[in-house]
Number of protein chains: 2
Amino acid sequence: MADLLWDRGYAATSPRDVMAKAHVGQGSFYHHFSGKHDLAISALRQNIFEGLTEAPEDAGSPAVDRIEARLARPRPGTRGCRIGRMTSDPAVVEDPEMLSIIADAFSTMRQRWATLTAEAIDAGNLPGDLDPDDLAQTFSAVIQGGYVLARAHGSQEPMDAAIRGLIALMESVRTSGNHPIRRAPTQTTPQSKEHS
Amino acid sequence: MADLLWDRGYAATSPRDVMAKAHVGQGSFYHHFSGKHDLAISALRQNIFEGLTEAPEDAGSPAVDRIEARLARPRPGTRGCRIGRMTSDPAVVEDPEMLSIIADAFSTMRQRWATLTAEAIDAGNLPGDLDPDDLAQTFSAVIQGGYVLARAHGSQEPMDAAIRGLIALMESVRTSGNHPIRRAPTQTTPQSKEHS
DNA sequence: GTCTATATTTCGATAGAC
DNA sequence: GTCTATCGAAATATAGAC
């Protein structure tokens, strides 16, 4: 069902479609799952697991480069995001269980972006007055919005353009860093949270 | 039907729902419209007209300020975008007529952003190496993605955060402008497209 | 466990009275 | 123009044979 959930959404996917695609009868279906909702929960969890599983970037490069590499990661846009598209389906949003699974997925992504962004700021490659949590949502939003634009135009290009625009902004605000060459083996420049 | 199209989507909205909401019988419905699809086209056009109708910003302020003001415009996020949400509905995307109406709407928005961005670059308030068309898609994407995040969390906050993050980036890349005080009444600094 | 009926409701639309 | 009655198909699920 995972594929059908992604392509057709929850409300528009019937058990009949699932059974046809899986080449099973109704008996099998209702033996293994209590109904459409039960199966959808399983399929949703699987889609989210796959959507959140990403190849890690080169751990050695600066955080700001890892941000840009992650933003620029190829994403087939015209199919839409298997997680984000769920939010348009009222039957999903009105279901507390499904909605919380989706909200958790986006929270996980936001946390990843925020950590990376905070790293980049700490490294001195992004201005210190930027808020990592806000920027994290901006990154998520550009990707999610990119999917929407790609589907609206039936083309990958608008999504790529949106991400290019964001990366160009990132490059424009990029700062030169903490000058690690001048970093002495003793105390570095005094930072605030020195303890813990 | 416009409201139902926004809230429930195309596929999930039945003529029965529409007739109940409008307090009319089936006879009236099928007398004025040839069917569900016909009515949806009308409702979609109306929603897009309303979605594209915006109060103009203060014409006297710099273009970069008008961009930020337009980005920060209040948008009730948890209902989603009445245009963007259509792209999740396969029945809409697979219909060439509806899809082209939606694609045109996004093209109109992109054009508006691109014009504003080009103005800001010409005024010297944004770096000249930024691409107005790419940035225009970035702006659209942050807004569309903001809607997705707001619906995923059932809260306005993620959308506001995403837009705050983008505006903070804009402020960081903002440049001091063309120094209009030094602008002489004769020829200004030579620009490329002086003819036409 | 998997299959084939069957039940109930809704969908999208048509027919025909008024 | 607007109404009620009705149709054929699909959605979601249950019943019961094998």
Side-chain angles (χ1 to χ4, degrees), chain A residues 1-48 79-80 82 85-102, chain B residues 1-48 79-80 82-83 85-102 151:
Chain A
M1 177 160 189
D3 274 343
L4 289 169
L5 195 64
W6 186 354
D7 286 331
R8 313 292 307 174
Y10 173 66
T13 299
S14 72
R16 183 173 294 190
D17 297 333
V18 179
M19 295 178 319
K21 181 155 185 167
H23 302 293
V24 299
Q26 299 190 346
S28 307
F29 176 85
Y30 286 101
H31 176 77
H32 292 285
F33 300 95
S34 69
K36 176 183 176 178
H37 181 262
D38 185 29
L39 173 58
I41 295 287
S42 295
L44 181 58
R45 286 191 207 278
Q46 179 184 324
N47 273 348
I48 284 179
R79 198 180 177 189
R82 68 190 107 189
R85 275 187 66 189
M86 300 292 104
T87 64
S88 282
D89 193 332
V92 169
V93 173
E94 290 163 6
D95 181 276
E97 190 175 3
M98 285 195 274
L99 185 60
S100 91
I101 293 173
I102 291 167
Chain B
M1 174 155 188
D3 274 342
L4 289 169
L5 196 63
W6 187 353
D7 286 331
R8 313 290 308 175
Y10 173 66
T13 299
S14 71
R16 182 171 297 191
D17 298 332
V18 179
M19 297 179 315
K21 180 154 185 164
H23 302 291
V24 299
Q26 300 190 346
S28 309
F29 177 85
Y30 285 103
H31 176 77
H32 293 286
F33 300 94
S34 68
K36 176 184 177 178
H37 181 263
D38 185 29
L39 173 59
I41 295 287
S42 296
L44 180 59
R45 286 192 207 278
Q46 179 184 323
N47 273 349
I48 283 178
R79 198 180 178 189
R82 67 191 107 192
I83 312 174
R85 275 187 66 188
M86 300 292 104
T87 63
S88 282
D89 194 332
V92 170
V93 174
E94 289 163 7
D95 181 275
E97 192 175 3
M98 287 195 273
L99 186 59
S100 92
I101 293 173
I102 290 167
R151 280 183 66 80

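In the text below, chain A, chain B and the rest are named by the order of the sequence lines, each starting its count at 1.
- The CG atom of B/Asp3 sits 7.5 Å away from the CG atom of B/Asn47 when rounded to the nearest 0.5 Å.
- One distance of note links CE of A/Met1 with NZ of A/Lys36; it measures 6.0 Å at 0.5 Å rounding.
- At the heavy-atom level, A/Ser34 lies nowhere under 4.0 Å from the strands shown.
- When the nearest nucleotides of DNA chain D are assigned to B/His31 and A/Ala12 by heavy-atom distance, the more 5′-ward of the two goes with B/His31.
- Positionally, the nearest nucleotide of DNA chain C for A/Arg16 lies more toward the 5' end than for the other of B/Gly27 and A/Arg16.
- Within 4.0 Å of A/Tyr30, counting heavy atoms only, lies at least one base atom of the nucleic acid.
- Taking only side-chain nitrogens and oxygens, B/His32 comes nearer than 4.0 Å to OP1 or OP2 of D/dT2.
- In this structure, the NE2 atom of A/His23 is 16 Å from the C1' atom of C/dT2, given to the nearest Å.
- For A/Phe29 and D/dA11, the CZ to P distance is 13 Å, given to the nearest whole Å.
- When side chains are defined from C-beta on, B/Met86 counts as touching B/Leu5, because their heavy atoms get closer than 4.5 Å.
- The phosphate of D/dA10 (OP1 or OP2) has no side-chain N or O of A/Ser14 nearer than 4.0 angstrom.
- Taking atom NZ of B/Lys36 as the reference point, atom C1' of C/dT14 lies 17 Å away to the nearest angstrom.
- Separating the CZ atom of A/Phe33 from the C1' atom of D/dT12 is a distance of 16 Å, rounded to the nearest angstrom.
- As rounded to whole Å, 12 Å separates atom C1' of C/dT10 from atom CE of B/Met19.
- If you measure from atom CG of B/Asp17 to atom P of C/dA13, you get 13 Å, rounded to the nearest angstrom.
- Side-chain to base pairing of B/Gln26 with D/dA5: one donor and one acceptor N or O lie within less than 3.5 Å of each other.
- Here the CG atom belonging to A/Asp17 is positioned 11.5 Å from the CG atom belonging to A/Asp7, to the nearest 0.5 angstrom.
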